[in-house]
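Everything quoted here is computed from the prediction, not taken from an experiment. Atoms within a ligand are numbered from 1 in the order they appear, just like the ligands themselves.
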Amino acid sequence: MLQNTLGHTSLGEERSEKVDDALRRHQGEAGALIPVLQEVQRSFGYISKENMAYIARALKLPLSEVYGVASFYAQFYLEPRGEHMVRVCLGTACHVRGGEKILESFAEALGIRPGETTPDKRFSLERVACLGACGLAPAAMIGEKTYGRLTPEKVTEVVREYVGPAH
Ligand code: FES
């Protein structure tokens with residue numbers, strides 16, 4: 001019980017400390033909102049409502065403006081994302097080499113649609129415009145790792161690497 005309480009406290013402190021650090025770094029800058037949101041997202045993987053309200057107060061901006069900016073840019077996530085971010089490329093090079101099929105294969109293997117997160121919070125699926133690996137088209141990334149020349153069969157194998165064999 002005591003441990004639980006302590007755990008919660010330190011998590012909360014760490015949370016606001018990181019937001020405070022971001023705010024300090026961009027203090028007094030015109031247009032501080034976007035870099036602060038970027039740092040907060042880098043720290044937590046998304047921007048919670050709580051953190052949006054905190055940032056709005058600190059930057060003396062209306063919450064509606066912070067929410068407006070955070071929801072306008074595709075780079076910001078307003079919900080927690082999965083532990084593994086799966087980015088499937090649908091840029092020109094990947095598109096012509098069957099990127100859509102690769103996206104479908106990932107969606108099927110993970111049981112989610114693009115923009116969704118698995119219920120166990122392990123994976124989020126996203127389509128992107130170019131991963132800078134056009135020579136490996138069709139390509140996808142899981143976290144920082146790039147997978148190239150994908151086929152639906154390879155997608156199944158790759159997902160199995162992360163999920164483990166079926167029970
Ligand atoms: S178009 Fe897919 S990696 Fe560039």
Side-chain angles (χ1 to χ4, degrees), residues 14-15 18-19 21-23 25-26 29-52 55 59 61 64-167:
E14 187 202 2
R15 184 167 285 250
K18 283 186 176 165
V19 182
D21 283 350
L23 286 163
R25 266 193 288 276
H26 298 284
E29 275 175 25
L33 179 57
I34 289 182
V36 168
L37 290 175
Q38 282 169 332
E39 285 199 31
V40 170
Q41 173 152 301
R42 227 172 289 137
S43 299
F44 303 108
Y46 78 109
I47 301 158
S48 66
K49 287 199 186 92
E50 199 184 37
N51 279 338
M52 267 191 260
I55 292 166
L59 295 179
L61 293 170
S64 57
E65 186 176 335
V66 176
Y67 179 78
V69 169
S71 54
F72 177 77
Y73 292 98
Q75 61 172 309
F76 296 126
Y77 294 90
L78 308 186
E79 299 288 337
R81 289 184 298 162
E83 181 192 340
H84 302 292
M85 198 64 212
V86 182
R87 295 188 175 87
V88 182
C89 184
L90 290 179
T92 310
C94 292
H95 180 73
V96 299
R97 289 191 172 83
E100 277 291 348
K101 220 184 224 168
I102 299 307
L103 180 64
E104 261 169 45
S105 306
F106 270 110
E108 206 171 292
L110 297 170
I112 50 173
R113 306 303 310 159
E116 293 180 350
T117 297
T118 54
D120 63 3
K121 304 266 182 283
R122 288 201 66 203
F123 299 93
S124 293
L125 181 62
E126 186 181 63
R127 54 172 89 211
V128 293
C130 180
L131 293 169
C134 311
L136 297 175
M141 280 181 91
I142 302 185
E144 296 303 307
K145 197 165 170 188
T146 305
Y147 295 87
R149 306 212 169 84
L150 286 165
T151 60
E153 294 72 32
K154 266 200 193 172
V155 168
T156 314
E157 274 170 40
V158 167
V159 170
R160 207 175 290 145
E161 266 177 45
Y162 285 81
V163 176
H167 299 293

Kindly compute the distance separating CZ (Arg87) from CD1 (Ile142), expressed to the nearest 0.5 Å.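 Those atoms lie 11.0 Å apart.
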Verify the neighbour count for atom CD of Glu100: are there more than 12 heavy atoms of other residues, nucleotides or ligands below 6.0 Å?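 More than 12 within 6.0 Å, yes.
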Side-chain touch Leu37/Gln75, heavy atoms, less than 4.5 angstrom: no
Mind checking side chain to side chain contact (heavy atoms under 4.5 Å, CB included) for Lys101 and listing every partner two or more places apart, or none if nothing turns up? Pro152
Looking at residues at least two apart in the chain, or sitting in another chain, which of them share a ring pair (Phe, Tyr, Trp, His ring centres under 6.0 Å) with Tyr162? His84
Filter on side chain to side chain donor-acceptor pair (under 3.5 Å), then keep only pairs touching residues 112-121, sequence neighbours left out; what's left? Thr117-Ser124, Thr118-Asp120
Heteroatom count (protein N, O or S) under 2.8 Å of atom 2 (Fe) of ligand 1: 2
